[in-house]
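This report concerns only the one structure given below.
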Amino acid sequence: MNLAGKKIVLGLTGGIACYKAAELARGLVKAGASVQVVMTEASRHFITPVTMQALSGKPVYTDQWDSRISNNMAHIDLSRDADAILIAPCSADFMRKLVHGAADDLLSTLCLARPATVPLLVAPAMNVEMWENPATQRNAEQLRKDGVSLLGPVAGDQACGETGLGRMMEPEQLLEDLSAFFHPKLLAGKKVMITAGPTFEPIDPVRGITNLSSGKMGFAIARAARAAGAEVTLVSGPTALPRPSSVTLLPVTTAREMHDAVMSQIAAQDLFIAVAAVADWRVASVSGQKIKKQEGQIPSLQFEQNPDILAAVAALPSPPYCVGFAAESEDLLAHGAAKREKKHIPLLVGNIGHQTFGKDDNELVLFDEQGHHRLPRASKDALAQTLIKEIAQRIYRKPSA
Ligand code: C5P
(Lines give C-alpha, C1' and ligand atoms only; values in the text may rest on other atoms or scores of the structure.)
Protein backbone atom coordinates (compact mmCIF):
# COMPACT_ATOMS: atom_id res chain seq x y z
CA MET A 1 0.00 0.00 0.00
CA ASN A 2 1.48 3.31 -0.97
CA LEU A 3 -0.27 6.59 -0.31
CA ALA A 4 2.91 8.63 0.08
CA GLY A 5 2.22 12.34 -0.03
CA LYS A 6 -1.55 11.94 -0.50
CA LYS A 7 -3.70 14.33 1.48
CA ILE A 8 -6.79 12.52 2.69
CA VAL A 9 -9.75 14.03 4.50
CA LEU A 10 -11.14 11.19 6.60
CA GLY A 11 -14.75 11.87 7.59
CA LEU A 12 -16.46 9.92 10.35
CA THR A 13 -20.23 9.76 10.71
CA GLY A 14 -22.37 8.03 13.35
CA GLY A 15 -22.09 4.27 13.51
CA ILE A 16 -20.45 1.56 15.55
CA ALA A 17 -17.99 1.01 12.70
CA CYS A 18 -16.29 4.21 13.97
CA TYR A 19 -14.08 1.89 15.99
CA LYS A 20 -12.61 0.63 12.72
CA ALA A 21 -11.91 4.22 11.61
CA ALA A 22 -9.22 4.39 14.30
CA GLU A 23 -7.31 1.57 12.66
CA LEU A 24 -7.99 3.05 9.24
CA ALA A 25 -6.45 6.38 10.29
CA ARG A 26 -3.40 4.52 11.56
CA GLY A 27 -3.10 2.55 8.33
CA LEU A 28 -3.41 5.71 6.22
CA VAL A 29 -0.60 7.37 8.16
CA LYS A 30 1.52 4.22 7.90
CA ALA A 31 0.98 4.20 4.13
CA GLY A 32 2.43 7.71 3.96
CA ALA A 33 -0.77 9.75 3.71
CA SER A 34 -1.38 13.00 5.51
CA VAL A 35 -4.74 12.55 7.24
CA GLN A 36 -7.12 15.29 8.27
CA VAL A 37 -9.98 13.85 10.33
CA VAL A 38 -13.38 15.54 10.32
CA MET A 39 -16.07 14.16 12.66
CA THR A 40 -19.80 14.67 12.80
CA GLU A 41 -21.56 15.07 16.12
CA ALA A 42 -23.06 11.57 15.86
CA SER A 43 -19.64 9.98 15.29
CA ARG A 44 -18.40 11.54 18.52
CA HIS A 45 -20.87 9.38 20.45
CA PHE A 46 -18.88 6.36 19.27
CA ILE A 47 -15.25 7.52 19.36
CA THR A 48 -13.55 10.65 20.64
CA PRO A 49 -11.60 13.23 18.65
CA VAL A 50 -8.72 12.60 21.08
CA THR A 51 -8.28 9.08 19.71
CA MET A 52 -8.47 10.25 16.12
CA GLN A 53 -6.05 13.13 16.78
CA ALA A 54 -3.53 10.80 18.39
CA LEU A 55 -3.68 8.38 15.47
CA SER A 56 -3.76 10.92 12.64
CA GLY A 57 -1.22 13.21 14.29
CA LYS A 58 -3.40 16.28 13.66
CA PRO A 59 -6.12 18.12 15.54
CA VAL A 60 -9.57 16.97 14.44
CA TYR A 61 -12.20 19.29 12.99
CA THR A 62 -15.75 18.90 14.22
CA ASP A 63 -17.31 22.29 13.81
CA GLN A 64 -18.03 24.62 10.92
CA TRP A 65 -17.24 27.55 13.23
CA ASP A 66 -13.78 26.35 14.27
CA SER A 67 -11.73 29.42 15.12
CA ARG A 68 -8.45 27.68 14.18
CA ILE A 69 -9.20 28.53 10.55
CA SER A 70 -8.52 32.23 10.30
CA ASN A 71 -11.04 33.04 7.56
CA ASN A 72 -13.66 30.84 9.26
CA MET A 73 -14.14 28.86 6.07
CA ALA A 74 -13.16 25.40 7.24
CA HIS A 75 -15.34 23.77 4.55
CA ILE A 76 -13.38 25.56 1.81
CA ASP A 77 -9.88 25.18 3.23
CA LEU A 78 -10.25 21.49 4.05
CA SER A 79 -11.83 20.48 0.73
CA ARG A 80 -9.43 22.47 -1.49
CA ASP A 81 -6.41 20.88 0.05
CA ALA A 82 -7.47 17.22 -0.34
CA ASP A 83 -6.43 14.57 -2.87
CA ALA A 84 -9.51 12.59 -1.80
CA ILE A 85 -12.27 12.67 0.79
CA LEU A 86 -13.08 9.31 2.37
CA ILE A 87 -16.16 8.97 4.57
CA ALA A 88 -15.73 5.87 6.73
CA PRO A 89 -18.06 4.93 8.23
CA CYS A 90 -20.78 6.56 6.13
CA SER A 91 -24.17 6.24 7.83
CA ALA A 92 -27.48 5.86 5.99
CA ASP A 93 -28.35 9.37 7.10
CA PHE A 94 -25.10 10.82 5.79
CA MET A 95 -25.73 9.13 2.42
CA ARG A 96 -29.12 10.87 2.37
CA LYS A 97 -27.44 14.18 3.15
CA LEU A 98 -24.93 13.74 0.34
CA VAL A 99 -27.71 12.90 -2.13
CA HIS A 100 -29.62 16.04 -1.22
CA GLY A 101 -26.65 18.37 -1.05
CA ALA A 102 -27.17 19.08 2.65
CA ALA A 103 -24.81 21.55 4.28
CA ASP A 104 -25.80 21.63 7.92
CA ASP A 105 -22.54 20.53 9.51
CA LEU A 106 -18.84 20.79 8.64
CA LEU A 107 -18.51 17.38 6.96
CA SER A 108 -21.56 17.66 4.71
CA THR A 109 -20.67 21.27 3.85
CA LEU A 110 -17.12 20.41 2.84
CA CYS A 111 -18.40 17.50 0.71
CA LEU A 112 -20.78 19.88 -1.04
CA ALA A 113 -18.08 22.51 -1.44
CA ARG A 114 -15.44 20.15 -2.80
CA PRO A 115 -14.20 20.95 -6.30
CA ALA A 116 -15.15 18.42 -9.01
CA THR A 117 -11.49 17.35 -9.13
CA VAL A 118 -11.55 16.07 -5.53
CA PRO A 119 -12.88 12.50 -5.48
CA LEU A 120 -15.37 11.47 -2.80
CA LEU A 121 -15.32 7.87 -1.59
CA VAL A 122 -17.78 6.55 0.97
CA ALA A 123 -17.77 3.32 2.97
CA PRO A 124 -21.37 2.68 4.00
CA ALA A 125 -21.92 1.00 7.38
CA MET A 126 -25.34 0.22 8.79
CA ASN A 127 -27.79 -2.48 9.81
CA VAL A 128 -28.72 -4.87 6.99
CA GLU A 129 -32.37 -3.73 6.88
CA MET A 130 -31.30 -0.09 6.70
CA TRP A 131 -28.95 -0.91 3.80
CA GLU A 132 -31.54 -2.95 1.94
CA ASN A 133 -34.31 -0.43 2.45
CA PRO A 134 -35.36 0.94 -0.95
CA ALA A 135 -34.69 4.48 0.30
CA THR A 136 -31.03 3.67 1.01
CA GLN A 137 -30.71 1.74 -2.24
CA ARG A 138 -32.08 4.76 -4.14
CA ASN A 139 -29.56 6.95 -2.35
CA ALA A 140 -26.70 4.56 -3.15
CA GLU A 141 -27.69 4.55 -6.82
CA GLN A 142 -27.91 8.35 -6.89
CA LEU A 143 -24.49 8.68 -5.26
CA ARG A 144 -22.99 6.40 -7.94
CA LYS A 145 -24.65 8.53 -10.63
CA ASP A 146 -23.17 11.61 -8.99
CA GLY A 147 -19.69 10.10 -9.36
CA VAL A 148 -19.24 9.11 -5.72
CA SER A 149 -17.33 5.82 -5.24
CA LEU A 150 -19.02 3.38 -2.87
CA LEU A 151 -16.59 1.05 -1.11
CA GLY A 152 -18.69 -1.84 0.21
CA PRO A 153 -20.61 -2.51 2.34
CA VAL A 154 -19.77 -6.17 2.86
CA ALA A 155 -21.81 -9.02 4.29
CA GLY A 156 -21.26 -10.64 7.67
CA ASP A 157 -22.13 -10.53 11.35
CA GLN A 158 -23.30 -7.14 12.52
CA ALA A 159 -22.83 -5.39 15.85
CA CYS A 160 -26.64 -5.43 16.30
CA GLY A 161 -26.61 -9.22 16.26
CA GLU A 162 -28.08 -9.55 12.76
CA THR A 163 -26.27 -10.88 9.71
CA GLY A 164 -26.13 -9.57 6.17
CA LEU A 165 -24.94 -6.74 3.94
CA GLY A 166 -24.13 -3.54 5.74
CA ARG A 167 -20.81 -4.10 7.48
CA MET A 168 -18.15 -1.52 6.76
CA MET A 169 -15.23 -2.93 4.80
CA GLU A 170 -12.24 -3.79 6.98
CA PRO A 171 -9.62 -1.00 7.28
CA GLU A 172 -7.06 -3.09 5.38
CA GLN A 173 -9.47 -3.48 2.44
CA LEU A 174 -10.40 0.19 2.48
CA LEU A 175 -6.70 1.09 2.34
CA GLU A 176 -6.27 -1.26 -0.59
CA ASP A 177 -9.23 0.28 -2.44
CA LEU A 178 -8.09 3.81 -1.72
CA SER A 179 -4.56 3.19 -2.93
CA ALA A 180 -5.99 1.39 -6.01
CA PHE A 181 -8.02 4.51 -6.68
CA PHE A 182 -4.84 6.54 -7.26
CA HIS A 183 -3.22 4.02 -9.62
CA PRO A 184 -3.13 4.58 -13.38
CA LYS A 185 -5.77 2.34 -14.94
CA LEU A 186 -3.41 0.52 -17.30
CA LEU A 187 -5.61 -2.58 -17.52
CA ALA A 188 -9.02 -0.88 -17.58
CA GLY A 189 -11.63 -3.13 -19.18
CA LYS A 190 -9.32 -6.17 -19.17
CA LYS A 191 -10.16 -9.50 -17.58
CA VAL A 192 -7.23 -11.08 -15.81
CA MET A 193 -6.93 -14.55 -14.30
CA ILE A 194 -4.09 -15.30 -11.89
CA THR A 195 -3.11 -18.59 -10.26
CA ALA A 196 -1.35 -18.37 -6.91
CA GLY A 197 -0.08 -20.32 -3.94
CA PRO A 198 0.84 -23.98 -3.69
CA THR A 199 -1.33 -26.96 -4.48
CA PHE A 200 -1.92 -29.75 -1.99
CA GLU A 201 -1.96 -33.33 -3.26
CA PRO A 202 -3.52 -35.75 -0.78
CA ILE A 203 -1.95 -39.06 0.22
CA ASP A 204 -4.78 -40.05 2.56
CA PRO A 205 -7.47 -38.04 4.43
CA VAL A 206 -4.92 -36.48 6.81
CA ARG A 207 -1.68 -36.36 4.83
CA GLY A 208 -0.54 -34.77 1.64
CA ILE A 209 2.26 -33.27 -0.41
CA THR A 210 2.62 -29.55 -0.88
CA ASN A 211 5.37 -26.93 -1.25
CA LEU A 212 6.58 -23.75 0.42
CA SER A 213 4.78 -21.26 -1.83
CA SER A 214 3.04 -18.66 0.37
CA GLY A 215 0.96 -17.10 -2.42
CA LYS A 216 2.35 -13.64 -1.58
CA MET A 217 3.62 -12.87 -5.12
CA GLY A 218 0.41 -14.05 -6.82
CA PHE A 219 -1.80 -12.14 -4.38
CA ALA A 220 0.35 -9.01 -4.84
CA ILE A 221 -0.09 -9.32 -8.62
CA ALA A 222 -3.85 -9.76 -8.16
CA ARG A 223 -3.98 -6.55 -6.10
CA ALA A 224 -1.83 -4.68 -8.62
CA ALA A 225 -3.95 -5.86 -11.57
CA ARG A 226 -7.12 -4.82 -9.82
CA ALA A 227 -5.58 -1.45 -8.90
CA ALA A 228 -4.78 -1.06 -12.61
CA GLY A 229 -8.50 -1.36 -13.34
CA ALA A 230 -8.68 -5.03 -14.37
CA GLU A 231 -11.48 -7.42 -13.46
CA VAL A 232 -9.48 -10.05 -11.58
CA THR A 233 -10.14 -13.74 -10.92
CA LEU A 234 -7.67 -15.28 -8.50
CA VAL A 235 -7.46 -19.07 -8.46
CA SER A 236 -5.55 -19.91 -5.33
CA GLY A 237 -4.28 -23.01 -3.63
CA PRO A 238 -4.27 -23.13 0.20
CA THR A 239 -2.70 -19.98 1.68
CA ALA A 240 -3.00 -18.02 4.91
CA LEU A 241 -3.39 -14.69 3.11
CA PRO A 242 -6.33 -12.28 3.38
CA ARG A 243 -8.66 -12.20 0.37
CA PRO A 244 -7.73 -9.21 -1.82
CA SER A 245 -10.42 -6.58 -2.03
CA SER A 246 -12.75 -6.59 -5.07
CA VAL A 247 -11.20 -9.69 -6.60
CA THR A 248 -13.10 -12.91 -7.40
CA LEU A 249 -11.37 -15.64 -5.41
CA LEU A 250 -11.71 -19.28 -6.48
CA PRO A 251 -10.12 -21.37 -3.72
CA VAL A 252 -8.81 -24.78 -4.79
CA THR A 253 -6.70 -27.51 -3.23
CA THR A 254 -5.24 -29.82 -5.85
CA ALA A 255 -3.61 -29.18 -9.23
CA ARG A 256 -6.53 -30.83 -10.99
CA GLU A 257 -9.00 -28.57 -9.18
CA MET A 258 -6.87 -25.59 -10.15
CA HIS A 259 -6.81 -26.78 -13.75
CA ASP A 260 -10.60 -27.21 -13.83
CA ALA A 261 -11.26 -23.82 -12.18
CA VAL A 262 -8.96 -22.09 -14.67
CA MET A 263 -10.39 -23.87 -17.70
CA SER A 264 -13.99 -23.16 -16.69
CA GLN A 265 -13.44 -19.40 -17.02
CA ILE A 266 -10.43 -18.98 -19.28
CA ALA A 267 -12.42 -18.24 -22.45
CA ALA A 268 -13.48 -14.86 -21.06
CA GLN A 269 -9.95 -13.75 -20.04
CA ASP A 270 -7.65 -11.29 -21.81
CA LEU A 271 -4.65 -12.14 -19.66
CA PHE A 272 -3.50 -15.23 -17.75
CA ILE A 273 -0.71 -14.99 -15.18
CA ALA A 274 0.38 -18.36 -13.79
CA VAL A 275 2.14 -17.69 -10.52
CA ALA A 276 1.06 -20.83 -8.64
CA ALA A 277 3.63 -23.41 -7.65
CA VAL A 278 1.62 -26.31 -9.03
CA ALA A 279 2.62 -29.81 -7.95
CA ASP A 280 4.00 -31.62 -10.96
CA TRP A 281 2.81 -34.99 -9.69
CA ARG A 282 -0.03 -36.34 -7.61
CA VAL A 283 -0.30 -39.58 -5.68
CA ALA A 284 -1.69 -42.23 -8.03
CA SER A 285 -4.05 -43.92 -5.61
CA VAL A 286 -5.15 -41.79 -2.68
CA SER A 287 -6.09 -43.91 0.30
CA GLY A 288 -9.66 -43.39 1.51
CA GLN A 289 -8.54 -44.09 5.07
CA LYS A 290 -5.57 -42.92 7.08
CA ILE A 291 -2.65 -45.22 6.25
CA LYS A 292 -1.84 -47.08 9.44
CA LYS A 293 1.69 -47.16 10.76
CA GLN A 294 2.84 -50.79 10.89
CA GLU A 295 5.99 -52.01 12.51
CA GLY A 296 8.73 -52.67 9.94
CA GLN A 297 6.66 -51.45 6.94
CA ILE A 298 7.48 -48.27 5.05
CA PRO A 299 4.86 -47.33 2.48
CA SER A 300 5.93 -46.32 -1.01
CA LEU A 301 3.99 -43.92 -3.18
CA GLN A 302 3.31 -44.08 -6.90
CA PHE A 303 2.88 -40.77 -8.71
CA GLU A 304 0.98 -39.57 -11.75
CA GLN A 305 1.63 -36.48 -13.84
CA ASN A 306 -0.54 -33.44 -13.11
CA PRO A 307 -1.85 -31.31 -15.95
CA ASP A 308 0.39 -28.38 -16.91
CA ILE A 309 -2.18 -25.60 -16.56
CA LEU A 310 -0.13 -22.86 -18.17
CA ALA A 311 0.82 -25.02 -21.15
CA ALA A 312 -2.83 -26.05 -21.56
CA VAL A 313 -3.98 -22.42 -21.59
CA ALA A 314 -1.21 -21.37 -23.98
CA ALA A 315 -2.24 -24.21 -26.33
CA LEU A 316 -5.86 -23.02 -26.62
CA PRO A 317 -6.91 -21.97 -30.16
CA SER A 318 -7.12 -18.31 -29.13
CA PRO A 319 -5.30 -18.04 -25.82
CA PRO A 320 -5.24 -14.98 -23.60
CA TYR A 321 -1.87 -13.22 -23.26
CA CYS A 322 0.02 -15.72 -21.08
CA VAL A 323 2.64 -14.97 -18.44
CA GLY A 324 4.48 -17.77 -16.66
CA PHE A 325 6.74 -17.87 -13.62
CA ALA A 326 9.85 -19.95 -13.07
CA ALA A 327 11.71 -20.77 -9.90
CA GLU A 328 14.99 -22.41 -10.87
CA SER A 329 17.66 -23.37 -8.41
CA GLU A 330 20.48 -22.81 -10.91
CA ASP A 331 21.26 -21.26 -14.28
CA LEU A 332 18.04 -19.26 -14.43
CA LEU A 333 19.08 -17.33 -17.53
CA ALA A 334 19.47 -20.41 -19.69
CA HIS A 335 16.51 -22.27 -18.21
CA GLY A 336 14.21 -19.24 -18.25
CA ALA A 337 14.63 -18.54 -21.96
CA ALA A 338 14.19 -22.23 -22.78
CA LYS A 339 11.10 -22.53 -20.59
CA ARG A 340 9.45 -19.57 -22.29
CA GLU A 341 9.90 -21.23 -25.68
CA LYS A 342 8.84 -24.64 -24.44
CA LYS A 343 5.61 -23.31 -22.92
CA HIS A 344 4.90 -21.14 -26.01
CA ILE A 345 4.27 -18.04 -23.92
CA PRO A 346 5.23 -14.45 -24.75
CA LEU A 347 6.52 -13.57 -21.27
CA LEU A 348 8.18 -15.60 -18.53
CA VAL A 349 9.13 -14.17 -15.14
CA GLY A 350 12.04 -15.78 -13.32
CA ASN A 351 12.53 -15.61 -9.57
CA ILE A 352 16.20 -14.94 -8.97
CA GLY A 353 17.16 -17.60 -6.46
CA HIS A 354 14.62 -20.04 -5.15
CA GLN A 355 14.64 -18.61 -1.61
CA THR A 356 11.74 -16.28 -2.39
CA PHE A 357 9.01 -18.54 -0.93
CA GLY A 358 7.28 -16.81 1.98
CA LYS A 359 9.45 -13.66 1.81
CA ASP A 360 8.04 -10.16 1.40
CA ASP A 361 10.55 -9.12 -1.24
CA ASN A 362 11.88 -10.62 -4.41
CA GLU A 363 14.12 -10.03 -7.42
CA LEU A 364 12.88 -10.93 -10.89
CA VAL A 365 14.10 -11.32 -14.43
CA LEU A 366 11.74 -11.00 -17.39
CA PHE A 367 12.19 -13.12 -20.52
CA ASP A 368 10.46 -12.14 -23.72
CA GLU A 369 11.11 -12.40 -27.45
CA GLN A 370 13.72 -9.64 -27.22
CA GLY A 371 15.82 -11.23 -24.47
CA HIS A 372 15.80 -10.67 -20.76
CA HIS A 373 15.99 -7.85 -18.25
CA ARG A 374 16.09 -7.65 -14.46
CA LEU A 375 13.69 -6.03 -12.05
CA PRO A 376 15.89 -5.22 -9.04
CA ARG A 377 15.09 -6.41 -5.51
CA ALA A 378 11.98 -4.75 -4.10
CA SER A 379 8.87 -5.61 -2.12
CA LYS A 380 6.55 -8.07 -3.81
CA ASP A 381 3.90 -5.31 -3.96
CA ALA A 382 6.26 -2.93 -5.76
CA LEU A 383 7.44 -5.66 -8.13
CA ALA A 384 3.83 -6.64 -8.86
CA GLN A 385 3.06 -3.06 -9.87
CA THR A 386 6.12 -2.89 -12.13
CA LEU A 387 5.20 -6.22 -13.64
CA ILE A 388 1.67 -5.03 -14.42
CA LYS A 389 3.17 -1.99 -16.20
CA GLU A 390 5.49 -4.27 -18.19
CA ILE A 391 2.59 -6.53 -19.14
CA ALA A 392 0.32 -3.61 -20.08
CA GLN A 393 3.04 -2.21 -22.37
CA ARG A 394 3.30 -5.57 -24.12
CA ILE A 395 -0.45 -6.07 -24.48
CA TYR A 396 -0.90 -2.70 -26.13
CA ARG A 397 2.34 -2.84 -28.15
CA LYS A 398 1.59 -2.97 -31.84
CA PRO A 399 3.03 -6.09 -33.48
CA SER A 400 6.25 -5.13 -35.26
CA ALA A 401 5.94 -5.12 -39.05
O1 C5P B 1 7.48 -26.15 -15.72
P2 C5P B 1 7.48 -25.32 -14.48
O3 C5P B 1 6.69 -25.94 -13.37
O4 C5P B 1 8.82 -24.86 -14.03
O5 C5P B 1 6.71 -24.00 -14.94
C6 C5P B 1 6.36 -23.01 -14.05
C7 C5P B 1 5.22 -22.21 -14.63
O8 C5P B 1 4.20 -23.08 -15.11
C9 C5P B 1 4.55 -21.38 -13.59
O10 C5P B 1 4.01 -20.26 -14.23
C11 C5P B 1 3.46 -22.29 -13.05
O12 C5P B 1 2.39 -21.57 -12.47
C13 C5P B 1 3.03 -23.01 -14.30
N14 C5P B 1 2.58 -24.40 -14.07
C15 C5P B 1 1.29 -24.75 -14.30
N16 C5P B 1 0.87 -26.05 -14.12
C17 C5P B 1 1.74 -27.00 -13.74
C18 C5P B 1 3.08 -26.66 -13.51
C19 C5P B 1 3.48 -25.34 -13.68
O20 C5P B 1 0.48 -23.86 -14.63
N21 C5P B 1 1.32 -28.24 -13.59
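What you see is a predicted model; the values in this text were computed from it and never measured. Both ligands and their constituent atoms are indexed starting at 1 by order of listing. Just the heavy atoms: all of them, side chains too, but no hydrogens, waters or symmetry mates, feed the values below.
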Report yes or no: is the cationic atom of K6 (NZ for Lys, CZ for Arg) under 6.0 Å from the centre of the six-membered ring of F182, at an angle within 45° of the ring normal? yes
Hey, does K342 have a side-chain heavy atom less than 4.5 Å from the side chain of H344? no
Does a side-chain heavy-atom distance below 4.5 Å link D280 with N306? no
Under 4.0 Å from ligand 1, residues with heavy atoms, in chain and number order, are A274, V275, A276, V278, D280, P307, D308, I309, L310, G324, F325, K339, K343
Would D157 and R167 pass as an ion pair if we require N to O under 4.0 Å? no
Looking at D360 and K216, is any side-chain nitrogen of the basic one under 4.0 Å from a carboxylate oxygen of the acidic one? yes
Between R394 and Y321, is NZ or CZ placed under 6.0 angstrom from the six-membered ring centre and within 45° of the ring axis? no
